[in-house]
Amino acid sequence: MLTIADNEFLTQTGAATPMGELFRRFWLPALLASQVQERDGVPVEFQLLGERLVAFRDTAGQVGILEARCPHRHANLKWGRNEECGLRCVYHGWKFTTDGQCVDQPAEPANSRFKDSVRVRSYATHEAGGLIWIYMGPLELQPSFPEFEWTLLPTPHYMATKRFQFCNYLQNLEGEVDTAHVNFLHRNLAEPDDPDIPREILNPQFDGEGLMPPSFLARKKFDIAETEFGMVAMACSEFPDGQLYWRMTPYLVPCFTLIPSQYNDANTWTAVVPVDDHNCVGFTVTWHHQRPLNEHEILTVTSGAGVHALVDPDTFVPLANKGNDYLIDRELQATSSFTGIFGIRGEDLPVQEDQDGTIFQRHEEHLGVTDRAIVALREILMRLARNLQDGISPPQLQSPAAFRSRSVAIVSPREVDPFQLFLDGQPESQREQGIHSAP
Ligand code: FES
Ligand SMILES: [Fe+2]
């Protein structure tokens with residue numbers, strides 16, 4: 001349980017808030033690269049961390065992200081003309097390059113140098129792994145790009161999707177490290193409607209024992225290891241034969257997680273970025289480090305059965321949403337599905353989008369032993385933001401290679417050290433250099 005003040009500290013991410021400052025020190029995903037695919041194409045308006053922004057790809061292929069309001073008289077640059085290496089405001093024709101410099105003011109005197117002193121706020125961008133990334137912190141402190149594994153792979157090895165989620169970012173982020181809910185919320189025994197969707201995608205926990213999970217699966221023990229990139233939440237179920245089933249979920253600061261699945265050879269990465277304090281945008285990437293994604297893995301992305309939501313392709317709003325009660329099927333819920341809602345992400349949305357509405361009142365919650373990872377996540381975020389207030393930068397910014405991490409889902413004998421199991425599941429480069437457990 002947090003105080004009201006701590007909850008505000010954690011959930012507010014606008015400019016000049018402590019958590020907002022922390023987020024601004026990291027590279028964050030802003031858009032799918034496909035949204036600004038075309039040179040001189042249509043500018044895209046969006047919002048992150050409470051700021052209204054416009055992205056465009058210029059004639060040379062460079063992506064720029066600018067503050068949406070024109071510095072002249074604040075018309076929205078999203079209406080602008082993207083032409084000849086710049087975005088031209090349609091109100092009076094001022095034109096800006098991707099780095100925010102004003103290069104043309106067609107109504108000012110021909111010999112005027114006024115434009116040289118005018119800039120629109122611009123942010124550094126980076127294109128990698130099917131995403132456009134943004135850095136919104138002080139220019140002189142721009143960190144190296146974090147080496148997420150799939151961003152170093154050829155395109156056929158990964159797929160990235162985006163969805164809007166209508167709640168504070170922390171409700172989504174806490175859900176990603178909350179392994180305890182998997183055996184309940186995502187316990188779905190329904191036969192797939194579409195025979196092309198493999199049964200194990202819909203029924204990851206299927207054991208034929210009814211709707212409640214057996215207690216050996218549900219009663220997990222948790223270990224937390226802090227690492228160079230953040231922490232690993234290690235959740236363990238004990239099988240009746242004494243073997244242990246570990247689900248290890250790395251949390252990479254400030255807003256990234258890697259979701260384990262013993263049924264899926266590919267890895268899954270998630271990011272949750274605040275749009276404002278009541279909305280967030282989720283990016284999900286599935287990748288395989290050795291080969292292109294196979295048909296089965298592509299289906300986990302495109303079917304909506306897994307952690308990639310089915311969305312409206314223009315708005316990125318999930319097709320099953322609050323407005324249609326997430327298409328809940330009460331008949332299905334009574335007979336064969338814990339929720340009656342389709343898809344893993346589909347099931348996450350209704351619970352995360354309404355925890356007291358869009359901002360969870362954490363001062364009134366009741367945490368149990370299975371909430372250890374959530375407590376640890378909050379502690380890390382608060383510590384980093386408080387340190388930053390004292391002038392101490394997040395140490396994770398110094399370890400871009402540590403972000404090249406994977407989740408682990410594995411059955412092991414009881415006597416094996418769990419952190420060693422986690423290390424064994426990491427890319428070779430990580431094992432050689434070592435991902436260190438923080439003191
Ligand atoms: S408001 Fe943009 S050019 Fe005047
Ligand atoms: Fe979930």
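Remember, it's a predicted structure, so these values are computed and weren't measured experimentally. Order of appearance sets the numbers: ligands from 1, and atoms from 1 within every ligand. Hydrogens, waters and symmetry mates play no part in the numbers below; they use all other heavy atoms, side chains included.
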**Prompt:** Under 2.8 Å from atom 2 (Fe) of ligand 1, protein N/O/S atom count?
**Reply:** 2
**Geometric cation-pi criterion, K162 with F283: 6.0 Å, 45°** = no
**Item:** Nearest-0.5 Å distance that lies between atom SG in C89 and atom CH2 in W94
**Value:** 9.0 Å
**Polar side-chain atom of S122 near backbone of D99 as donor-acceptor pair, under 3.5 Å** = yes
**Asked** Quick one: are the ring centres of H157 and H289 less than 6.0 Å apart?
**Response** no
**Message:** Please tell me whether W269 and W150 form a close aromatic pair, meaning their ring centres lie under 6.0 Å apart.
**Reply:** yes
**Prompt:** Would a line drawn from the ring center of F256 to the ring center of W27 be shorter than 6.0 Å?
**Reply:** no
**Message:** Considering only residues two or more places apart or on different chains, which pairs with a residue in residues 316-327 satisfy side chain to side chain donor-acceptor pair (under 3.5 Å)?
**Reply:** Y326-E353
**Item:** W133-F148 aromatic ring centre distance below 6.0 Å
**Value:** yes
**Asked** Restricting to pairs with a member in residues 281-296, which pass salt bridge (Lys or Arg N to Asp or Glu O under 4.0 Å), not counting sequence neighbours?
**Response** D265-R291, R291-E297
**Prompt:** What is the total of protein N/O/S atoms that are closer to the Fe ion (ligand 2) than 2.8 Å?
**Reply:** 4
